[in-house]
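These numbers come from the heavy atoms of this one structure, side chains and all, not from hydrogens, waters or symmetry mates.
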Amino acid sequence: MSREAANEPTGATIRLPALSWRRRVLFVLVVVTVIVGVDLMLRIVRANGMTPLEGATLALFTVTFAWISTAFWTALAGFVVQALGRDPLSLRRAPERPPRAEPVVTRTALVMPVCNEDVERVSAGLEAILCDVHATGDGDAFDTYLLSDTADPATASAEEAAVAALRRRLPGGDRLYYRRRTDNEGRKAGNIAEFCRRWGGHYDYMVVLDADSIMTGRSLTDLVRNMQANPGAGMLQTVPIPVRQETLFGRFLQFAATLYSPMLATGMSFWQGDVSNYWGHNAIIRVRAFMDHCGLPKLPGQPPLGGDILSHDFVEAALMRRAGWHVYLLPEVGGSYEQVPGNILDYAKRDRRWSEGNLQHLRLLTARGLHPLSRLYFVMGALAYGCSLLWLLMLTVGTLDAGSRALTVASYFGAGHQLFPEWPVARTEIMLWLLVTVAAMLILPKVFGVLLCLFDRERRRAFGGGLRVTVSALLELVFSVLIAPIMMTFHAFFVACVLFGRRATWQPQNREGREVGWRTAVYQTGVFTVAGVLWGIGTAFITPIFFWALTPVLTGLVLAPAVVVLSSRPAWGRALRRCGLFLTPAETRPPGALKQLDERLAAPAVQLPPAGALPPLPQPCPRPMPVQRLDRHPRWLRGERPAT
């Protein structure tokens, strides 16, 4: 039975047998793998003596290989759990569900913070969500708030008119409210905190949505039932799946995330247990616990590493767990969707902001009272971007070292008129083994995801059939190899910008896809091509064996402008869809919420009438949200510790 088909109503008490042993086994596997990899690299770099450059290469390799090892074993854990049909938390046969759905007896707020977003898309998304919630029969348990930080008066007026129209048109529309702040202090985190201080006392839970979020009514009610069944849970995070992509790049991301993300999330849930993470949206939060323990302080110093905490979600999850509340990742709860940028440049622009926020987390590693896994997530979040800089430095240092040895070590030039060096055979074999090992650890998780799909009849059909899934996965692998050097270079540049004190700009995302012209692509990535050509020529002349090892990286850099332009074209994405490639279940078997969203956006645009006077917001229920200290253990107040 497919995991989609097995997604029965949830609400069972979450149990975590042998959780400490799962973490220990994962830790041992990662450490042993890293030791083996570092030993291979050490044999390579210490041949004929270790130079300072080779010592630097070894140090950089150790960090990046540890990152790869953790991701590999997490993916393998997810593969095994899904292949055995087990629940990643309870380890019992999935689905572990009660025979009937428990009634929804609590109050939940759906909160969508927006700032200068596309009003038509926001309105259509809210309509799709609210109609689907109403269809469950539990719509009366939800209130919805559009929390605007929009600065442009015309856009704000359009938001008011859209909300007024939805209130008149939708069943239960009288529970849709609009609030606009004149001061957007704290950005999204400040927006939500202000809502909690004014109206949080009315609600047991809140579901945080992004402007591009779509969640089905079934998904929302499942989250509420899980919260009701687990009084010690502070946050439950779903796995948002990208949808509605037209460009080649967007469809590539959409296919890859749909095929691989559930497996990876299952592996993460398997070892994270009750100390999972929060990704900022498409998650349900216990309002009281959030208000008591997740008030964010400002970091001392100036931006980019000081000031407001930008990647607030990781920190809020860490503070929630520090206070004793549990944070779970529930990959089995489907019906959670989002949109992603449709071209590489817009995608990189979004990563620029995230890289700055994630690097801020390194300043919080010494905060007292945090769970060790919360500290690990801070490190891993920073390494998600920092590893790109480390990889680039490692490749650069490795090139310099290989070149210096080729030019200075006489034993590599045994023949009288030899143009290219002869590397020792033993060292060459070890290098090949290491390259194969790294490549296998990067590719095998994709193989695992394809196998899970091929051996599940319903899921295989939802992706268009076994042959189409296989061909699409091969194309995705080739494309991921092409764009990896491009994203590596972007991320390395972003990290360097943060370290040198350059702040990121904060603008609305382009979520509907945008075709990139050649001039823009060359302006943004032409330097990648020049660097790749010069790097390749120099390496090929001095040390050919290292040139062949660098070929995947050099190819992506040289072709960067072409990859950016061609992958941004919707025509290419639509052509692949007509061929049955990069199909996803959200396209072949779309849920009602996605169908309604597409129909709403495909309909001719209607001029909204003036909003007039919107009804008053609910009576405020003021409650303080204390700012947390990150330099000492939390203070336990009577009654604050949750029941377990």
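- Between V516 and V565, the closest heavy-atom pair is O-CG1, 3.7 Å.
- Side chain to side chain, N358 and S311 meet the donor-acceptor criterion of an N or O pair below 3.5 Å.
- At a threshold of 4.0 Å, the pair R502-E356 does not count as salt-bridged, since none of the basic side-chain nitrogens sits closer than that to a carboxylate oxygen.
- Counting heavy atoms from C-beta on, the side chains of L395 and W535 come closer than 4.5 Å.
- Of the residues W354, F249, F252, the one that meets the ring-ring contact (aromatic ring centres under 6.0 Å, His included) test with Y347 is F249.
- Ring planes of F79 and F448: parallel class, angle under 30° (limits at 30 and 60°).
- Taking 4.0 Å as the cut-off between side-chain N and carboxylate O, R350 and D346 do not count as a salt-bridged pair.
- Minimum heavy-atom separation, F490 to L345: CZ-CD2, 3.8 Å.
- Enclosure of atom CZ in R503 is not indicated, since only 12 or fewer non-hydrogen atoms of other residues, nucleotides or ligands lie within 6.0 angstrom.
- Between L329 and T238 the shortest heavy-atom distance is CD1-O, 4.1 Å.
- Residue F479 comes nearest to V563 through the heavy atom pair CE1-CG1, 4.0 Å, listed as atom of the first residue, atom of the second, then distance.
- Nearest approach of C453 to F463, heavy atoms of both residues: SG-CD1, 3.6 Å.
- Screening Q245, E246, E587 for a side chain to side chain donor-acceptor pair (under 3.5 Å) involving R251 leaves a single residue, E587.
- To the nearest 0.5 Å, the span separating OG on S567 from CG on L482 amounts to 9.5 Å.
- In summary, R244 and D212 do not engage in a salt bridge, as defined by a charged side-chain N under 4.0 Å from a carboxylate O.
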